[in-house]
Amino acid sequence: MSGVWVFNKNGVMRLVENPYNQSSGESSDSSSSGGSQQQRMRRKILLHLPTSEIVSSYGSLEKILRGLGWERYYSEDNTDHLLQFHKKTSIDLISLPRDFSKFNSIHMYDIVVKNPNVFHVRDM
């Protein structure tokens, strides 16, 4: 994970993954809007290294995670908006948005950190 961490006007920290790709005369209004920022960032993909498979759905991700010992975690609190996975052998919990279109690089890096040498995040 490379880039520069910056604070928005509202105090939320975000990662600017390629700061040299942005114009230097960016106004404070455009830096606080996520839409223009996302358009400048390259799309990320989650790659399963052993099979070189690009994770393109939660079905394929769940199949891989189950093979690594992860189980779905069902809770009454998260049924509406989250999918969660846990391992019996650790305290780790992977929380993902239920809508795959909201699956982004932050979620991908969370999976990579909790499964070393199994996944990799790449620019598309």
Side-chain angles (χ1 to χ4, degrees):
M1 189 161 71
S2 63
V4 178
W5 289 97
V6 295
F7 284 95
N8 288 344
K9 288 168 60 174
N10 61 0
V12 176
M13 191 167 57
R14 65 179 170 82
L15 177 65
V16 178
E17 296 191 26
N18 190 355
Y20 300 108
N21 200 18
Q22 297 182 11
S23 63
S24 60
E26 189 174 288
S27 70
S28 61
D29 290 337
S30 64
S31 66
S32 64
S33 68
S36 61
Q37 173 67 24
Q38 289 176 345
Q39 289 172 354
R40 279 187 233 116
M41 291 175 17
R42 287 183 253 166
R43 186 166 174 249
K44 302 286 186 184
I45 58 168
L46 182 64
L47 182 69
H48 182 237
L49 294 174
T51 62
S52 298
E53 175 188 355
I54 296 173
V55 176
S56 59
S57 70
Y58 281 145
S60 64
L61 178 60
E62 185 170 0
K63 180 180 171 187
I64 294 167
L65 289 176
R66 282 180 188 254
L68 296 170
W70 291 88
E71 298 176 351
R72 281 285 299 273
Y73 177 75
Y74 296 97
S75 169
E76 293 176 13
D77 298 337
N78 68 8
T79 55
D80 292 341
H81 62 284
L82 287 177
L83 292 177
Q84 293 185 318
F85 297 90
H86 73 98
K87 257 186 174 178
K88 288 184 178 180
T89 58
S90 76
I91 61 169
D92 289 333
L93 184 70
I94 297 173
S95 296
L96 306 171
R98 187 168 289 280
D99 183 1
F100 190 76
S101 66
K102 295 179 182 176
F103 181 66
N104 61 34
S105 63
I106 293 171
H107 303 108
M108 294 178 195
Y109 284 118
D110 185 38
I111 293 169
V112 169
V113 167
K114 293 172 181 168
N115 296 282
N117 303 318
V118 177
F119 291 98
H120 187 73
V121 177
R122 295 206 176 137
D123 291 325
M124 182 149 170

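The two residues Ile64 and Glu53 come nearest to each other via the heavy atoms CD1-OE1, 3.9 Å. Scanning both residues, His86 and Tyr73, for their nearest heavy atoms gives CD2-CB, 3.5 Å. Of all heavy-atom pairs between Val55 and Phe119, the closest is CG2-CE2, 4.2 Å.
Other residues, nucleotides and ligands place no more than 12 heavy atoms under 6.0 Å from the CD1 atom of Ile106. At most 12 non-hydrogen atoms from other residues, nucleotides or ligands lie less than 6.0 angstrom from CG of Asn117.
Side-chain contact between Asp92 and Val113 is absent, with no heavy atoms from C-beta onward closer than 4.5 Å. With contacts defined as side-chain heavy-atom distances shorter than 4.5 Å, the pair Leu46/Val112 qualifies. Side-chain atoms of Arg72 and Leu83, non-hydrogen and from C-beta on, do get closer than 4.5 Å to each other. Two residues are said to be in side-chain contact when any heavy atoms from C-beta on lie closer than 4.5 Å; Asp123 and Arg43 fail this criterion.
Between Tyr58 and Phe103, the ring planes lie perpendicular to each other; the angle is over 60°, past the 30° to 60° tilted range.
Put simply, the side chain of Lys114 gets close to the backbone of Leu93: a donor and an acceptor are under 3.5 Å apart.
Under the 4.5 Å side-chain heavy-atom criterion for grouping Ile, Leu, Val, Met, Phe, Trp and Tyr, Leu65 is connected to Val118 within one hydrophobic cluster. Hydrophobic clustering, with ILVMFWY side chains joined whenever heavy atoms are under 4.5 angstrom apart, groups Ile94 together with Phe100. A continuous path of hydrophobic side-chain contacts links Val121 to Trp70 [ILVMFWY only; heavy atoms under 4.5 Å]. Linking Ile, Leu, Val, Met, Phe, Trp and Tyr whenever their side-chain heavy atoms come within less than 4.5 Å puts Ile45 and Leu49 in one cluster. Grouping the Ile, Leu, Val, Met, Phe, Trp and Tyr side chains by contacts below 4.5 angstrom, directly or via other members, places Leu68 with Phe85.
Taken from CD in Gln84 to CZ in Arg98, the straight-line distance is 10.0 Å, to the nearest 0.5 Å. Between Ser101 atom OG and Asp99 atom CG the span is 3.0 Å, to the nearest 0.5 Å. How far CG of Asn104 is from CG of Leu96: 10.0 Å, rounded to the nearest 0.5 Å. Note that CG of Leu47 is 12.0 Å distant from CE of Met124, once rounded to the nearest 0.5 Å. Atom-to-atom distance recorded for Lys44:NZ and Arg122:CZ is 11.5 Å, nearest 0.5 angstrom.
Counted by atom type alone, His107 and Asp110 present zero donor-acceptor pairs between their side chains at under 3.5 Å.
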